[in-house]
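Shown next, in structure tokens, is the structure this report addresses.
Because only heavy atoms are used, hydrogens play no part in the values below, and waters and symmetry mates are left out as well, while side chains stay in.
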Amino acid sequence: QVQLVESGGGLVQPGGSLTLSCAASGSIFSINSMGWYRQAPGKERELVAINTYGGRINYADSVKGRFTISRDNAKNTVYLQMNSLKPEDTAVYYCVYRLMGATMEYDTWGQGTQVTVSS
């Protein structure tokens, strides 16, 4: 019922910046969280940042001070501005649309976009 389309990935040099966008369409429930995860080759998927309906933001320690998550509820879009990029930020980045129940979470994922940080 919900589809997420990501854009903005690419190749950037260390120290550079990149901004990712994720637009949700379909049957959108207004009370939701949207955020970003990433997965590097051979590693587990990890949380990058989550922006909840109530405005609470949670960042991974590895990106605090460098990445900024924001959302435009009118456009059902979440953004991830990435500054001071490091090679270890290289990964496939996935946006997530998350509905939360009392005991479960219901996630819809974007298709993923590759971010490569290299000289």
Side-chain angles (χ1 to χ4, degrees):
Q1 293 183 318
V2 176
Q3 184 177 13
L4 305 178
V5 179
E6 302 179 28
S7 62
L11 175 65
V12 65
Q13 293 185 339
S17 298
L18 206 60
T19 300
L20 307 181
S21 299
C22 177
S25 62
S27 183
I28 306 299
F29 187 60
S30 61
I31 304 177
N32 65 74
S33 298
M34 295 188 71
W36 297 90
Y37 284 72
R38 67 186 182 187
Q39 187 168 22
K43 296 186 179 297
E44 296 182 349
R45 183 190 66 181
E46 65 172 348
L47 173 70
V48 178
I50 284 285
N51 190 323
T52 72
Y53 175 79
R56 178 174 294 180
I57 298 175
N58 185 30
Y59 292 100
D61 288 341
S62 60
V63 307
K64 286 181 179 177
R66 300 189 296 119
F67 291 11
T68 302
I69 188 172
S70 61
R71 63 188 297 176
D72 185 337
N73 289 327
K75 298 179 179 179
N76 293 314
T77 299
V78 64
Y79 306 91
L80 184 68
Q81 183 169 4
M82 303 180 292
N83 299 322
S84 302
L85 283 161
K86 305 174 181 180
E88 53 262 43
D89 295 317
T90 296
V92 177
Y93 284 69
Y94 299 91
C95 64
V96 63
Y97 167 92
R98 175 168 293 161
L99 301 178
M100 291 160 288
T103 60
M104 297 181 63
E105 296 177 343
Y106 304 88
D107 290 350
T108 300
W109 296 93
Q111 81 278 12
T113 184
Q114 177 71 46
V115 173
T116 301
V117 184
S118 176
S119 299

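Rounding to the nearest 0.5 Å gives a distance of 10.0 Å between CD of Q81 and CG of L18. Summarising the geometry, atom OG belonging to S25 is positioned 15.0 Å from atom NZ belonging to K75; distances are rounded to the nearest 0.5 Å. Summarising the geometry, atom CD1 belonging to I28 is positioned 11.0 Å from atom CG belonging to N73; distances are rounded to the nearest 0.5 Å. Atoms CG and OG1, on L80 and T19 in that order, are 8.0 Å from each other to the nearest 0.5 Å. T108 OG1 to L99 CG: the interatomic distance, rounded to the nearest 0.5 Å, is 7.0 Å. To the nearest 0.5 Å, atom CZ of residue R98 and atom CE of residue M34 are 11.5 Å apart.
Heavy atoms only, all atoms of each residue included: R71 and N32 are closest at NH2-OD1, 2.6 Å. Minimum interatomic distance between V48 and Y93 (heavy atoms only, all atoms of both residues): CG2-CE2, 4.1 Å.
Within the 4.5 Å cutoff, the side chain of Y37 has no heavy atoms near those of the V92 side chain. Using a 4.5 Å cut-off on side-chain heavy atoms (C-beta onward), S62 and R38 make contact. At a threshold of 4.5 Å between non-hydrogen side-chain atoms, the residues R66 and Y59 do not count as touching. Counting heavy atoms from C-beta outward, C22 and W36 have side chains that approach closer than 4.5 Å.
Connection of V2 to M104 is established within a shared hydrophobic cluster, with ILVMFWY side chains joined at heavy-atom distances below 4.5 Å, either directly or through further cluster members. Neither Y79 nor V63 shares a network with the other; the hydrophobic side chains, linked directly or stepwise wherever heavy atoms of I, L, V, M, F, W or Y lie under 4.5 Å apart, form separate groups for each. Linking ILVMFWY side-chain heavy atoms closer than 4.5 Å, directly or via other members, places I57 and M82 in a single hydrophobic cluster. Under the 4.5 Å side-chain heavy-atom criterion for ILVMFWY residues, no single connected hydrophobic cluster contains both M100 and V96. Hydrophobic cluster membership differs between I31 and I50, with clusters built from Ile, Leu, Val, Met, Phe, Trp and Tyr side chains linked at under 4.5 angstrom.
Heavy atoms from other residues, nucleotides or ligands lying under 6.0 Å from CD of E105 number more than 12. The number of heavy-atom neighbours closer than 6.0 Å to CD of E88, taken from other residues, nucleotides and ligands shown, is above 12.
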Name every donor-acceptor pair, under 3.5 Å, that has one atom in a side chain of residues 112-119 and the other anywhere in the protein, sequence neighbours excluded.
unit_1, atom_1, unit_2, atom_2, d
T113, OG1, G9, N, 3.3
Q114, NE2, A91, O, 3.4
Q114, NE2, T116, OG1, 3.3

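Salt-bridge formation is detected for the pair D61/K64: a Lys NZ or Arg NE/NH1/NH2 atom is positioned less than 4.0 Å from an Asp or Glu carboxylate oxygen.
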